[in-house]
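Below: one structure, written as structure tokens.
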Amino acid sequence: MTEDEQKLAAAKAAVEHIKDGMVVGLGTGSTAAKMVDLVGERVKNGLDIIAVPTSEATARQAEALGIRVVGLDEVSVIDLTIDGTDEVDPEKRLIKGGGGAHLREKIVASLSDRMIVIAENKKMVGKLGAFKLPVEVIPFAAGALLPKMEALGSTPEIRMKDGQPFLTDEGNQIIDCAFGEIDDPEELALTLSTTPGVVEHGLFIDYADLVLIGTDDGVKTFGG
Ligand SMILES: O=C(CO)[C@H](O)[C@H](O)COP(=O)(O)O
């Protein structure tokens, strides 16, 4: 199975959890995009749901597929959010934000009754940190935060796009922090969350309920 096929298999398994009447959070990224396509097919076949997208890109995709999209202020509860990940460890802790959408993704996930994470096999890791941890910061503080990220044990770099700092949907910048291995994700998450200028980091701890991993031997699940 190619990585794309593994992503699709995980996305298919996740979409089966969506039922009529649900408010569904739609993640961001290439795996989430496959899931959104599948949701679009089900909507065309009569599925009645409301969707809360986690990025402008996902909103555009969902709208083009005829999925009813609303903002957070229009729903009182999100029943289920389905999103991709950059890494997931055996305790269902995640690194997200490779696509730069982790701020909205975390807000939507935090307001959801349930989060299903979908990914291809290589995203499953024993220890988080090989993927550079994305840290969203306000542009005013970006340069000043680089030494702080270094002091935490990482090699930080400001994410660039077309020769300019990459800007998130909220107009912030991202510092990608290469840790190699993160020994204590909870402690790092707390430190980052209490650092002035940091808007949100890509560590998702206690967010994922069910993880669906596409593998050559079918979709592996852990959690519930
Ligand atoms: O967190 C994310 C975006 O901010 C994505 O879910 C993550 O980067 C995985 O993306 P992909 O499915 O393209 O590998």
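As the structure lists them, so they are numbered: ligands from 1, and atoms in each ligand from 1. Numbers here simply count residues along the sequence, with the first being 1.
Contact annotation: for K96 versus ligand 1, heavy atoms closer than 4.0 Å belong to both the backbone and the side chain. When non-hydrogen atoms are compared, ligand 1 lies under 4.0 Å from the backbone of T85 (N, CA, C, O) but not from its side chain.
Within the listing of ligand 1, atoms 6 (O) sit less than 4.0 angstrom from a heavy atom of G84. Numbered from 1 in the order shown, with element, the atoms of ligand 1 that lie under 4.0 Å from a heavy atom of D86 read 1 (O), 7 (C), 8 (O), 9 (C). The A101 neighbourhood of ligand 1 comprises atoms 4 (O), with distances under 4.0 Å to a heavy atom of that residue. Applying the 4.0 Å criterion to heavy atoms of H102 picks out, from ligand 1, the atoms 4 (O). Annotation for ligand 1: atoms under 4.0 Å from non-hydrogen atoms of S30 are 11 (P), 12 (O), 13 (O), 14 (O). Each of the atoms 3 (C), 4 (O), 8 (O) of ligand 1 lies under 4.0 Å from some heavy atom of G99. Heavy-atom proximity to G29, at under 4.0 Å, picks out these atoms of ligand 1: 13 (O). With ligand atoms numbered from 1 in the order given, ligand 1 contributes 1 (O), 2 (C), 3 (C), 4 (O), 6 (O) to contacts under 4.0 Å with heavy atoms of E105.
Protein heavy atom in closest approach to atom 12 (O) of ligand 1: T31 OG1, 2.5 Å.
Residues passing the salt bridge (Lys or Arg N to Asp or Glu O under 4.0 Å) test with K92: none are found, sequence neighbours excluded. Here Y207 pairs with F204 under the ring pair (Phe, Tyr, Trp, His ring centres under 6.0 Å) rule; sequence neighbours left out.
The shortest separation from a heavy atom of K123 to ligand 1 is under 4.0 Å, placing the residue in contact. Using a 4.0 angstrom heavy-atom cutoff, G100 counts as in contact with ligand 1.
Summarising the local packing, CD of E5 is surrounded by more than 12 heavy atoms from other residues, nucleotides or ligands at distances under 6.0 Å. Within 6.0 Å of NZ in K220 there are 12 or fewer heavy atoms belonging to other residues, nucleotides or ligands. No more than 12 heavy atoms of other residues, nucleotides or ligands lie within 6.0 Å of CG in D206, so this atom counts as exposed by the packing criterion.
Of all non-hydrogen atoms in K96 and L94, the two that sit nearest each other are CD-CD1, 3.8 Å.
I213 CD1 to E120 CD: the interatomic distance, rounded to the nearest 0.5 Å, is 8.0 Å. The distance from the CZ atom of R104 to the OG atom of S55 is 7.5 Å, given to the nearest 0.5 Å.
Using a cut-off of 4.0 Å between Lys/Arg side-chain N and Asp/Glu carboxylate O, K123 and E87 are scored as not salt-bridged.
The shortest N or O to N or O distance between T28 and ligand 1 is under 3.5 Å. For a threshold of 3.5 Å applied to N or O pairs, the pair formed by G97 and ligand 1 contains at least one separation below that value.
Judged by distance alone, the side chains of S30 and K7 do bring a donor and an acceptor atom under 3.5 Å apart.
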